[in-house]
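What follows is a short report on a single structure.
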There are 2 protein chains.
Amino acid sequence: MTIQQLKYVVALDEERHFARAAEVCMVTQPGLTIQLKNLEEEIGIKIFDRNKVPLTPTVLGKEIINRARKILRETDEIRDFVINQKNLLEGELKLGIISTLSPYLIPLFISAMKTIAPKVNFVIKEANTGQLMQDVETGAIDVAIMATPTGHPNLVEHAIFKEPFVAYLNENHPMANDDFYELQPYDKPELLLLQNEYCYNAQLLDICGIKEPGKIKEQFSYDISSIETLKNLVRAKLGFAIIPALSIINEKETALFKTFKDPKPVREISFVVSDTFSKKLLLEKMSQAVWDCLPEALKKDFSYKKIKWNDSPYFINAVSKI
Amino acid sequence: MTIQQLKYVVALDEERHFARAAEVCMVTQPGLTIQLKNLEEEIGIKIFDRNKVPLTPTVLGKEIINRARKILRETDEIRDFVINQKNLLEGELKLGIISTLSPYLIPLFISAMKTIAPKVNFVIKEANTGQLMQDVETGAIDVAIMATPTGHPNLVEHAIFKEPFVAYLNENHPMANDDFYELQPYDKPELLLLQNEYCYNAQLLDICGIKEPGKIKEQFSYDISSIETLKNLVRAKLGFAIIPALSIINEKETALFKTFKDPKPVREISFVVSDTFSKKLLLEKMSQAVWDCLPEALKKDFSYKKIKWNDSPYFINAVSKI
DNA sequence: TCATGATTATAAATTTAATTTATAAAGATA
DNA sequence: TATCTTTATAAATTAAATTTATAATCATGA
């Protein structure tokens, strides 16, 4: 069965005449006759009764013609769908992004998008994970870039990359001269966390295998609201921090940023959209833009351990290769 | 776009590997690669991202893969549908037929069906049109053979043939020696009708252009329940009858049966089924059987005037050629 | 870093299939 | 009976898919 044969069947039903149907299909009559014959032999039934004038579909033939029509419509819809998607590559897109990623990714992302889809205007909002999920659901933003899986049933996640965590030690740390960092029991009470970043903190607690956040170092009297602040606290020898890899790509002095031994703890970064989001080609282009602007090290395969930040039943904690 | 290309796309999504997908499709890897390329160029979008390992569908690609799956499923369903229909060519079928047709058609029909679908057992019920329509709707019978259109929205009609009416004159009739019959005003009061056959009588009144049945000849004191009775009444010179053509095929003495001049009045005989009736192939075979057993004269084109028997809005009184 | 293995892409040759041209057969028409 | 219309068939042609062979790419391990 070929799509062409289905076209012949439908044309023949409309024209009720071999020669005219062939003309409509821009082929000659014997070509159409033979292909109809081939199809009829393949499915094992006569679709048209040639004894009647004008020729008439058989009872079963009518059913097959209807099904053929549907299939042809659907093949056309594939084409139309792609064309429509291309039209959606202009206009405005409201993008939310978690604050522990935003300062490092957004500048690179925006310049990559300028090349890939120059007619799209981005309105960017920085917020925490909970806020972003809510905003996506209400439609306040179109797309969020955040750590996943969310476990939220109405949101669709498109994973883009795995961002490893790195440890930032101060120069007095016992492992300050090692190549890799491995979690030490004495580091746990020193772990610095962020204010108002439940998701991020939960990931760190998971890395450190800490169940009860109460045991960790008390927060300071002011809000630690950014990764940059964390770094400065480490530099002031006030603790030890675990930070995402993209936050060190602009650092000059890299000696005290230690990657973990394999499997490295990572957070999965994804585009999160509502399940009714329709700009799929734009999403694809954005995914491309993020991938293009990533440092090479993050594009390569590596052994990783995906870190969880919630206890959703949808979440599966996995050790695998990208 | 070809069905084969869609198969390749789906196989590739399942295997995520060109060589393995090609193996599944029983082709070589370059063949599959080229066809995927052709399809991607035709619709204008990359379906798979070959940069990732293993290769991954693009966001838009996922959508296309889903649509491809649906189309392939539907093509398979065409095949399955035909196979299922063939299985329905055995078992029992409850067939209803109007009494003005039954004695002439059923014997011929049954012997034709014995060749075409020998494993079908028919349970035949003779009844009037109203009863048959009700029986089809309730499922008491599967198929009815009757005059159409019925105008009933839940019934589906499959026209089989047009049966002309003929006039039966007694030997004293002024046109007894003519080749054709044309309706005469003096015949109207002499027209013989059937008891309990609203539909048949309505057709005769339509032929004769009579609006008010009250004006016609009073019925006799006993029920005239069959065409054969009508014929005998004519032979007894008790009136004039219009009868369906199939009722004279076994008559030896044909001189007093007169066909009408063109356009001949006809009744359209159809299979009538409920709109949920599913044995379409069987219906087709039955249609074939009826056609095969018809006298040649009824298979040929002729100019006709379709006679109505109800005032349904669905009915269109037409003068045309078969 | 160089060779190796795995994977996808490309080129040319081959096979398969669809289509055309030409014509026959069947049926209707005049 | 001849003619016209329509569909079917045969052989030749064209187009397209597929195969074989090989190149290019990229990750991997010595």
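Here is how names work: the chains are called A, B, and so on, in the same order as the sequence lines, proteins then strands, and each is numbered from 1. The analysis underlying the following values was restricted to heavy atoms, covering all of them including side chains, and did not include hydrogens, waters or symmetry mates.
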What's the shortest heavy-atom distance between B/A112 and B/C293, and which atoms? CB-CB, 4.4 Å

Rounded to the nearest Å, what distance is computed from the CE atom of residue B/M26 to the P atom of nucleotide D/dT19? 11 Å

Dump every N/O contact between nucleotides 12-17 of chain D and the protein below 3.5 Å, one line per pair.
none

On DNA chain C, nearest-nucleotide positions of A/T28 versus A/N51: which is more 5'? A/T28

SB check B/R67 A/E74 (cutoff 4.0 Å): no

Is B/D49 paired with B/K46 through a side-chain N to carboxylate O contact shorter than 4.0 Å? no

Pick out the pairs of N or O atoms, protein on one side and nucleotides 6-9 of chain C on the other, that lie under 3.5 Å.
residue: C/dT7; atom: OP1; partner: B/H17; partner atom: NE2; Å: 3.4
residue: C/dT7; atom: O5'; partner: B/H17; partner atom: NE2; Å: 3.2
residue: C/dT8; atom: OP2; partner: B/F18; partner atom: N; Å: 3.0
residue: C/dA9; atom: OP1; partner: B/R50; partner atom: NE; Å: 3.0
residue: C/dA9; atom: N7; partner: B/Q29; partner atom: NE2; Å: 2.8
residue: C/dA9; atom: N6; partner: B/Q29; partner atom: OE1; Å: 3.1

Quickly work out the B/D49 CG to D/dC26 C1' distance and round it to whole Å. 15 Å

Quick one: B/I34 CD1 to C/dT15 P, roughly how many Å, whole number? 17 Å

If you look at every heavy atom in A/L246 and A/E163, which pair is closest and at what distance? N-OE2, 2.8 Å

I would like to know whether B/E42 and A/R79 meet salt bridge (Lys or Arg N to Asp or Glu O under 4.0 Å); could you show each step before the answer? CA-CA 9 Å; B/E42 184 189 339; A/R79 268 178 273 264; 2.3 Å; yes

Salt bridge flag under 4.0 Å for residues A/K37 and A/E41: yes

I'd like to know if the side chain of A/Q288 pairs up with that of A/D292 as donor and acceptor (distance under 3.5 Å, no hydrogens or angles considered). yes

Distance from A/T75 atom OG1 to B/I43 atom CD1, nearest 0.5 Å? 11.5 Å

Whole-Å gap separating C1' (C/dA18) and CG (A/L39): 14 Å

